[in-house]
Chemist: 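Let me begin by handing over the structure; questions about it come next.
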Amino acid sequence: MGSTRTMSDSSSGYDPSAIEPKWQAEWDDAEVFRTPDSAEDVEYVLAMFPYTSGNLHMGHVRNYTITDAYSRYRRMQGEDVLHPMGWDSFGLPAENAAEERDTSPEEWTRKCIESMKAQMSEMGFGYDWDREVTTCDPEYYRWNQWLFKRFHEEGLVERKGSEVNWCPSCETVLADEQVEGEAELCWRCDTPVTQRDLDQWFLTITDYADELVDDIDELAGWPESVRAMQRDWIGRQHGARVPFEVEGYGEVEIFTTRLDTIHGATFFAVAPDSEIAQDLAKEDEDVAHFVEEVADPDGDEPNGVATDLTATNPATGEEIPVFVADFVLSDVGTGALMAVPAHDERDHAFATKKDVPIRPVIRPEDSEDDQRESSGQASGDLPDVEETAFTEDGVVDHSEVPADAAGTGGSDPADYDGLASADARSALEDDLPGAGHDKQYRLRDWGISRQRYWGTPIPMVHCEECGAVPVPDEDLPVELPEFVQTTGNPLDEVDEFVQTTCPDCGGPAERETDTMDTFVDSSWYFLRYTSPDREDAPFDTARANDWLPVDQYVGGIEHAVMHLLYARFVTKAISDLELLDHREPFQNLVTQGMVQLDGEKMSKSKGNVVSPQNIVEEYGADTARLFMMQAARPERDFDWKDEGVESSHRFLTRLYDAVEAHVDSPPAGEAGDVTDYVRREIDRVTAIADESYEQLTFTEALRETRELLSLLDRYAEATEPHAETVEAALSTIVRLLAPVAPHVTEELWSELGRADDQRESAERASGETASGEGFVAEAEWPTADGDLGRHQLERQLVEDTREDVRQIVDVADIEDPSHVEIAVAPEWKFEAHAIAREFDGDNLVGEIMSDERFRGEDGAPDYAKDLQAELQTLTETLDAATEAEVLARARWLIAEEFDAEVTVRAGEDADADLVRKAEPGRPAINIE
RNA sequence: GCGAGGGUAGCCAAGCCUGGAAACGGCGGCGGACUCAAGAUCCGCUCCCGUAGGGGUCCAAGGGUUCAAAUCCCUUCCCUCGCACCA
C-alpha cells in the first residue's frame with residue numbers, strides 16, 4: 001500500500017481501528033450470532049470451511065464476506081440464521097510444516113486455527129463459535145470412523161488391490177479426482193503422478209452413480225457449470241452389452257453405445273492387458289512384441305496387432321478379425337470392443353491403417369433441410385465413408401451388407417432397414433442373443449486410503465486368522481499416536497499403535513495404518529454443525545432433518561467435482577442408514593469468482609498477493625468488505641483496485657461524518673416538496689436494495705446507498721432539511737449497509753439512537769423504527785412503501801423531464817433561464833392512453849372519438865391518431881395526479897440546477913398552447 | 001472434438017430469463033460550483049449531427065422471427081473453464 005495516507009480526511013472522526021474491535025467484542029458478549037438448538041426451520045448459510053493453512057487470503061475473505069453479509073441480511077429480516085464455521089484441519093501440509101519447523105502436525109494446526117480465527121474476528125465475520133467443528137479433534141474424527149463402520153456394514157466399503165495413483169512427493173495415493181489434467185499432476189503439489197499396485201480401502205460411490213447423476217436435474221439452485229461438471233465426471237452412458245463368440249475363448253462381451261451400427265462391425269479389438277492378449281502373447285511373438293514394446297495407451301495414434309483369432313459378429317454371422325489394440329482400455333466398458341470403421345473416427349483411422357473393410361450401415365436422416373447439403377450427399381444414400389466416418393445418428397440402411405452374411409446371425413439385416421438409429425438400438429438389444437441394455441460410468445469407486453499420519457485412522461485391524469476386522473464401536477475413536485519424524489508413513493513406525501489384538505479371536509493383530517482421505521472429513525461436516533457436542537451420534541437426526549439442507553452454500557469452483565460430489569454421496573448414504581431424511585445437502589450453491597490483480601490470479605509464486613491484514617490495518621475491515629461486495633457480483637472474477645478500495649473508504653468516511661454532523665446539530669427545517677422527494681427516494685432505494693440482497697448480488701444495493709447519501713448533500717444545498725427525514729434516510733442507509741460494513745454501521749446506529757433519545761418521542765414520525773435500539777445487527781430490515789415497478793416509473797419521469805429541460809436549454813442555447821414551466825398532460829389524455837393500452841381492435845380512433853369524454857377536447861382526434869400509430873409500444877404510465885405530484889416534488893432539482901423558477905401545473909390549469917404538446921409520461925415544457 | 005459460460009461504448013461492468021429508452025453504475029476524460037489554492041465533495045457532459053425536448057448509427061459478425069431485438073431463433077468467428085483415444 002502507499003506510504004502516504006491521504007484517504008481519511010483528518011477532520012473526520014472515522015477510526016476503524018477503534019470502532020471495529022469494540023463492536024466485535026460487543027457482539028461476542030451479547031452472543032448475537034448464536035443459534036439456539038431450539039430454533040426451528042433455520043436459514044442455513046454456509047461457506048466452505050478453510051483448510052488450516054494459517055492465513056486467510058483474499059479468496060477466503062471474499063467467500064466469507066458473502067455468507068456473512070447474506071446471513072446478517074437474513075437475520076435482520078427476522079430469520080433464525082445458522083452461520084457456523086470450522087476447520088478442515090487434517091492433511092499433508094501440516095506434516096510438512098511440522099518437519100520444517102520441528103514441531104508436530106497437531107501443534108502446528110492448533111496454531112494455525114488460532115491465528116485464522118483471530119483473522120476472521122478482525123474481519124467481523126459473525127459465526128456461532130459454539131458450533132465450531134475441527135476435523136482433527138478425536139471428537140470429530142471418531143464419527144468418520146463410526147460412519148466408515150456403518151458404511152462397511154452396508155457393503156459400501158471394499159478393500160481392493162488395484163493400480164492406484166501415487167504421488168511420489170506426497171508419498172501417498174490419490175483419488176482419480178485428485179489427479180489433474182493430461183499431464184496427470186497431483187492436485188496439491190503438481191508433481192507428476194505415477195502408478196502403484198496397492199491394497200486400498202474404497203467407498204463404493206459407484207453404487208450411487210445413477211442417483212447422483214439423476215438428482216443433478218433437481219439442483220436448480222446450482223450453477224449450470226457445476227452441474228455439467230458433475231454429469232461429465234460421473235459420465236454415464238447408455239448402451240448395450242453384446243457377446244461375441246471368439247474362437248477358443250467362448251463368448252466375449254463388448255459394450256457399445258452404437259448397437260445400431262453392429263452390422264458394420266468389421267473387426268474386434270481387445271486391450272493389451274486383457275486375458276486374451278496376455279494369453280496370445282505367450283505363443284505369438286508379434287502379439288508379445290506389441291504388448292510389451294509398442295502399445296502406448298497414452299499416445300495419439302491407435303496402434304494394434306492382428307491375431308490369428310476371429311470373432312463372430314452376432315448380427316451378421318461374419319467372421320471378423322480380432323486385434324489387440326492399445327486404444328482399447330481394460331477399465332473402460334468391458335475391455336473389448338466391436339469396431340465400426342464407417343461410423344467411428346478412431347475405428348476408421350485404425351481400419352485404414354490395417355486395411356480392414358469399411359462398411360457403412362447408417363445413412364443421414366431424411367430431412368428437407370438436408371436434401372442437398374451435407375457435403376454433397378443426396379439424402380437417401382449411404383454416406384461416403386472412404387475418407388472419414390459418419391458418426392451421427394441416422395437411419396439404418398443395410399444395402400451394403402453382403403447377402404451371404406445373413407442367415408447365420410438369425411434375423412435378416414434387411415429387417416432393420418429404415419429404422420432410426422435409436423429404434424434400431426432397442427430392436428437389436430431385444431433381438432440379438434445374449435444382448436442386453438447396459439450402462440457404463442466414468443466414475444470410479446472412491447479410494448480413501450492415504451499412507452500418511454495426519455488423518456483419520458481407518459478403524460480396521462488385520463488379523464492373520466480373521467482377516468480385516470472392524471474395531472468395535474466402544475473402542476472408537478482409534479486415536480492417532482504421537483507424531484514421529486520419518487520417511488514414509490509415520491504410523492508404521494509406532495509399534496504401540498500397530499500392535500494390537502484381534503477383536504474377534506483375541507489373537508495378535510496389526511492395525512491398519514492408512515488414514516482417510518481428508519475429503520471424508522468434509523463430506524459430512526455440515527451435519528455436525530447442527531449438534532457439534534453430541535457424544536453418542538455423529539449428529540442429531542431430528543435437528544438435522546429440520547435444519548438441512550443448507551439453504552445457501554458458497555465456495556470455490558475448484559470443489560465442483562470432488563468435495564461436492566463426495567458430500568452428495570455421503571448424504572445419500574447416511575440417508576440410507578436412516579439417520580437423515582434429506583438426500584441432497586446443498587439447496588443453493590454459489591461458486592465465487594477469483595480476486596485478481598491486473599487480471600491475474602493472486603499467488604505467492606507470482607508475488608502479486610494483496611494481504612487482508614494489510615488492508616484491515618490500512619483501511620479497516622469494513623472498507624475491505626464493502627469494496628469486495630461492490631466490485632462485482634459474487635460469481636464473477638474481479639480485479640483488486642486500490643482506487644476502488646479508496647473510493648469505498650471515502651464513502652464510509654462521508655457517511656460517518658454525515659451522521660455525526662446530523663447528530664451534533666440537527667437541521668431545523670420544515671417538511672416541504674424537497675422533503676417529500678427525499679422520503680420517496682428512501683423507499684425507492686430500499687426497494688432496489690432489498691431485491692439486490694435477495695438475489696445475493698449486493699452491488700445494486702450498495703450503489704443505491706451511495707446515491708441516497710449524495711442526495712442528502714443536495715437536499716441540504718437546496719433547503720434547510722427536515723431533521724426527521726434526514727434521520728430516516730441515514731437510518732435506512734445504515735441498515736442497508738449493515739450486512740456488508742457491520743462495524744461502522746453499528747457505531748452509527750448507536751449514534752442515531754443518541755439523537756433519537758434527545759428528541760421527544762411524540763415528535764417521531766409514527767410507525768418509524770427507532771434508530772439505535774439494540775444492535776443494528778439485530779435491527780429491523782427496512783421495508784419499502786410501494787412496489788418496485790412504480791418507483792421505477794416515478795424515477796424515470798423525473799429523469800426524463802430533467803433531461804428534456806437540459807436538452808432544450810442546450811439546443812435552444814438559452815443563456816440564463818429564469819422560468820421553467822412544466823405542464824402535465826390533461827386528465828383525458830391519460831384516460832385515452834389507458835384505453836389504448838387495453839385496446840385490441842382495429843379502429844382505435846373511432847373507439848376514442850365515439851367516447852363522449854373525449855369529443856369536446858382540444859386535439860383529441862390528433863392524439864387518438866398518435867395513439868393508434870404507437871398502439872403496440874404503449875407502456876404503463878402513472879396517472880395524471882401522481883405525475884403532477886411526482887414532478888412537484890422534483891421541482892427543486894431543476895430549480896437548483898438552472899437557478900430558475902420552476903412551476904408544475906396540471907394540464908387543466910396550464911396554458912392551452914403549451915398543454916397541447918404534453919402526453920402521459922412526457923409533460924410539456926416551456927422555458928423563458 | 002464434446003460440454004458449460006462468455007464477447008455490451010476509451011477501460012471495468014449491468015441489462016438478456018419475463019422483447020418495447022443511445023443501453024444502470026464505476027474508472028478515466030471534459031466543463032462548472034465550492035476554495036486563496038490544492039485535495040475532497042457536489043452538478044453536468046462524455047457515439048455522430050442538431051439554435052425547443054429532434055434525427056442518425058449502435059450492444060462480436062451475418063441472417064431470421066416480430067409492429068418492435070442487446071434481449072428470442074439459426075449460422076459463423078473469437079475468449080474462458082471443464083472433460084477427452086470412454087467403445
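Quick caveat: nothing in here was measured; it's all calculated off a predicted structure. Letters go in sequence order (proteins before strands), and every chain restarts at 1.
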Chemist: NA contact type, Arg706(A), heavy-atom cut-off 4.0 Å: base, sugar-phosphate, or nothing?
Modeler: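 Touches nothing.
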Chemist: Going by an N to O cut-off under 4.0 Å, is there a salt bridge joining Glu681(A) and Arg684(A)?
Modeler: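 Answer for the salt bridge query: yes.
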Chemist: Nearest to the side chain of Arg922(A) - G44(B), G53(B), G82(B)?
Modeler: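 Selected nucleotide (nearest to the side chain): G53(B).
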Chemist: When you get a sec, tell me which of G3(B), C83(B), G50(B) is the closest nucleotide to the side chain of Ala228(A)?
Modeler: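 The closest nucleotide is G3(B).
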Chemist: Determine the Euclidean distance between corresponding C1' atoms of G7(B) and C12(B); express it in Å to zero decimal places.
Modeler: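 So the two C1' atoms sit 14 Å from each other.
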Chemist: For the residue pair Val193(A) and Leu185(A), what are the closest heavy atoms and their distance?
Modeler: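 Closest approach of Val193(A) to Leu185(A), heavy atoms only: CG2-C, 3.9 Å.
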Chemist: Heavy atoms only, 4.0 Å cut-off, all strands: where does Asp296(A) land among base, sugar-phosphate and nothing?
Modeler: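 Base: the residue Asp296(A), judged by heavy atoms under 4.0 Å, touches a nucleobase.
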Chemist: Touch check for Arg802(A), heavy atoms < 4.0 angstrom, all strands: base, sugar-phosphate only, or nothing?
Modeler: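 Contact class for Arg802(A): sugar-phosphate only.
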Chemist: Assign Pro817(A) to base, sugar-phosphate, or nothing according to its heavy-atom contacts below 4.0 angstrom with the strands shown.
Modeler: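 Since no nucleic acid heavy atom lies under 4.0 Å of Pro817(A), the category is nothing.
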Chemist: Heavy atoms only, 4.0 Å cut-off, all strands: where does Ile927(A) land among base, sugar-phosphate and nothing?
Modeler: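 The residue Ile927(A) makes base contact.
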Chemist: Under 4.0 angstrom, heavy atoms only, what part of the nucleic acid is Thr801(A) near: base, sugar-phosphate, or nothing?
Modeler: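 No contact at all - Thr801(A) keeps every heavy atom at 4.0 Å or more from the nucleic acid.
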Chemist: Students often get this wrong, so: under 4.0 angstrom with heavy atoms, is Val328(A) touching a base, only sugar-phosphate, or nothing?
Modeler: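 Base contact.
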Chemist: When all nucleic acid strands are considered with a 4.0 Å heavy-atom cut-off, which category describes Asp713(A): base, sugar-phosphate, or nothing?
Modeler: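 Sugar-phosphate contact only.
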Chemist: Choose from A84(B), G44(B), G53(B) the nucleotide whose nearest atom is closest to any side-chain atom of Glu897(A).
Modeler: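 Of the candidates, G44(B) comes closest.
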Chemist: In terms of the angle between their ring planes, are Phe323(A) and Phe267(A) parallel, tilted or perpendicular, with boundaries placed at 30° and 60°?
Modeler: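 If you compare the ring of Phe323(A) with that of Phe267(A), the planes turn out perpendicular.
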Chemist: Return the polar atom pairs (N/O with N/O) between nucleotides 28-33 of chain B and the protein under 3.5 Å, or none.
Modeler:
none

Chemist: Ring-plane angle category for Tyr715(A) and Trp892(A), please: parallel below 30°, perpendicular beyond 60°, tilted otherwise.
Modeler: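 Judged by the thresholds at 30° and 60°, the geometry between Tyr715(A) and Trp892(A) is tilted.
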Chemist: Would you indicate which nucleotide in A52(B), C83(B), G53(B) comes nearest to any side-chain atom of Asn926(A)?
Modeler: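 For the Asn926(A) side chain, the nearest candidate turns out to be A52(B).
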Chemist: Go through the steps for Val645(A) and Trp640(A) under the test side-chain contact (heavy atoms from CB on, under 4.5 Å), then give the verdict.
Modeler: CA-CA 8 Å; Val645(A) 182; Trp640(A) 184 269; 3.5 Å; yes
Chemist: Can Arg241(A) be said to sit on top of Phe255(A)'s aromatic six-ring, NZ or CZ under 6.0 Å from centre and within 45° of the ring axis?
Modeler: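 The answer is no, since Arg241(A) fails at least one limit relative to Phe255(A).
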Chemist: Which heavy atom of Ile358(A) sits nearest to which heavy atom of Ala351(A), and what is that distance?
Modeler: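 Looks like CG1-CB, 4.1 Å.
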Chemist: Run the salt-bridge test on Glu224(A) and Arg227(A) with the 4.0 Å N-O cut-off and return the result as yes or no.
Modeler: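 A salt bridge is present here (some side-chain N lies under 4.0 Å from a carboxylate O).
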Chemist: Spell out protein contact along nucleotides 6-23 of chain B as letters: B when the base is contacted, S when just the sugar-phosphate is, - when no protein heavy atom is under 4.0 Å; keep the 5' to 3' order.
Modeler: --------SS----BB--
Chemist: What nucleotide among C42(B), G53(B), A4(B) has an atom nearest to a side-chain atom of Arg654(A)?
Modeler: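 Ranking C42(B), G53(B), A4(B) by closest atom to the Arg654(A) side chain puts C42(B) first.
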Chemist: If you look at every strand shown and take non-hydrogen atoms under 4.0 Å, does Arg346(A) touch a base, only sugar-phosphate, or nothing?
Modeler: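 The answer is base, as Arg346(A) lies within the cut-off (heavy atoms under 4.0 Å) of a base atom.
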Chemist: Taking Watson-Crick (N1-N3 plus N6-O4 or O6-N4) and G-U wobble (N1-O2, O6-N3), each under 3.5 Å, can you produce the dot-bracket string of RNA chain B? Use [ ] for crossing pairs and | for inter-strand ones.
Modeler: ((((((((.[[[..)....(....]]]((((((.......))))))(((....)))...[[[[[..)....]]]]])))))))....
